[in-house]
Every structure is written in structure tokens, then in C-alpha cells.
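Contents: one structure, followed by commentary.
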2 protein chains.
Amino acid sequence: MKNRLKVLRAERDWSQQALADRLEVSRQSVNAIETGKYDPSLPLAFKIAEVFGLPIEEIFMPR
Amino acid sequence: MKNRLKVLRAERDWSQQALADRLEVSRQSVNAIETGKYDPSLPLAFKIAEVFGLPIEEIFMPR
DNA sequence: ACTCGATGTAAATGTCCCTTTACATAAGGT
DNA sequence: ACCTTATGTAAAGGGACATTTACATCGAGT
């Protein structure tokens, strides 16, 4: 799964910590997802989509 | 996460096994997801959406 | 030079996803 | 009655997700 987290975060000028706070997860989780260490759970993916106001498909994409 | 798997499957007259084959997962995984035992991983959610030709948001919903 | 925020990364830990194997029930067709 | 398909469920195991604590580097600002 590739994702556009870094760009979306940059567009809003949010730090990893600021995003982590909004998502109610750890900063390390945000960093791990952003750097492709692993994919978020489906509920977390929904929350990420909600926070950015975008459909999941516009944030995450296969390969 | 609630989901409409059972209905979507019924609309296409697919057994859990038939869906599992298309998704390349076990029948038990399909059953567990369908009965709410747990949520699919994000990659599997994408594959489910692809198989049904629907966006993830129209198959899965919070709560 | 020093501090501070932001980021990357690591180890240890606990939980969740998905598997295989297996057993049980219900419904339908022969 | 028997067989087959569909479904629900359970246990055990491996790998993936997410946590906390911790240390490191880098750039901006004072």
C-alpha cells in the first residue's frame, strides 16, 4: 500500500505529532505508516480519511 | 466496523467459499469478517472493494 | 553554542489478522 | 437414508499492527 500522507500533511502544515493527536494514535504509528513500514488497520484508515476529508481510495493505493 | 458483505454476496449469489476464492483468502476469513469477528486488513478491504466493484466506503462503515 | 521542534528508528510488548484443521448443524437433491 | 453444499464456530500458530520508552540527527531560531 502506497499512501499520500506526507503530502496531505504538508498541505495542511501538520507535524506527525499533530496528525497523531487528531487520530488518537502514537506519533510512531503515523511515522511507520507514512514511511511504509506497515499499513493501518481498516478503522484507522477510515479515521485518516475522515481527518483529511477524503475517500480512502484517494489516500491509499495498492502498490 | 459494520459491513454489507452478506448482502453483496447474496445479490451475486456467491457462497462464502466462492468469495474466498476470488479474494484468495480462506472461507473462515470471509465468515469471520462477515459475522463481525474482526475487520479485514486494508489491502484485503481494497481487494473486497475491487471484487464487488464498489468503493470501500460503500461496503464498510464505522460502528 | 544552545535549545527546541520535527523526524527517523529501535526494542519489547500486547493485540489483531489470517491461516489450517477440525467438528457441527441445516437444507436440498437423489 | 444418504450425500453434498453452505454456514457457523473453535483452537492453535505465525505474522502484522500499534503501543511505550528511548535514543539519534537535523534545521530553525535565539
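Protein chains get the first letters and strands the later ones, always in sequence-line order, with residue 1 at the start of each. Hydrogens, waters and symmetry mates play no part in the numbers below; they use all other heavy atoms, side chains included.
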Can you tell me how far [atom2] of [N] sits from [atom1] of [X], to the nearest Å?
X        : N       : atom1 : atom2 : result
Lys37(B) : dT19(C) : NZ    : P     : 13 Å
Gln16(B) : dC18(C) : CD    : P     : 15 Å
Asp13(B) : dA6(D)  : CG    : C1'   : 11 Å
Ile33(A) : dG8(C)  : CD1   : P     : 13 Å
Leu42(B) : dG15(D) : CG    : C1'   : 17 Å
Leu44(A) : dC16(C) : CG    : C1'   : 13 Å
Leu19(A) : dG8(C)  : CG    : P     : 13 Å
Tyr38(B) : dT19(C) : OH    : P     : 7 Å

Has the side chain of Arg12(A) got a donor or acceptor atom that lies under 3.5 Å from a matching backbone atom of Phe52(A)?
-> yes
With distance as the sole test, does Arg4(B) use its side chain to make a donor-acceptor pair with the main-chain N or O of Ile59(B) at under 3.5 Å?
-> no
Using a 4.0 Å heavy-atom cut-off, does [X] contact any base of the nucleic acid, only the sugar-phosphate backbone, or nothing at all?
X        : value
Ser41(B) : sugar-phosphate
Gln17(B) : nothing
Ser15(A) : sugar-phosphate

Do you know which of Ile33(A), Leu44(A), Leu42(A) makes side-chain contact (heavy atoms from CB on, under 4.5 Å) with Leu42(B)?
-> Leu42(A)
Ignoring backbone atoms, establish whether [X] has a side-chain N or O less than 4.0 Å from OP1 or OP2 of [N].
X        : N       : answer
Ser26(B) : dC18(C) : no
Lys6(B)  : dG8(D)  : yes
Asn31(A) : dT7(C)  : no
Gln28(B) : dT20(C) : no
Arg9(A)  : dT7(C)  : yes

Tell me, with the steps shown, if Asp39(B) and Phe46(A) meet side chain to side chain contact (heavy atoms under 4.5 Å, CB included).
-> CA-CA 12 Å; Asp39(B) 300 318; Phe46(A) 263 86; over 6 Å; no
Would you say Leu54(B) and Phe60(A) are hydrophobically clustered, going by side-chain heavy atoms of ILVMFWY under 4.5 Å?
-> yes
Find which nucleotide of DNA chain C each of Arg27(B) and Val30(B) is nearest to by heavy atoms, and output the residue with the more 5' nucleotide.
-> Val30(B)
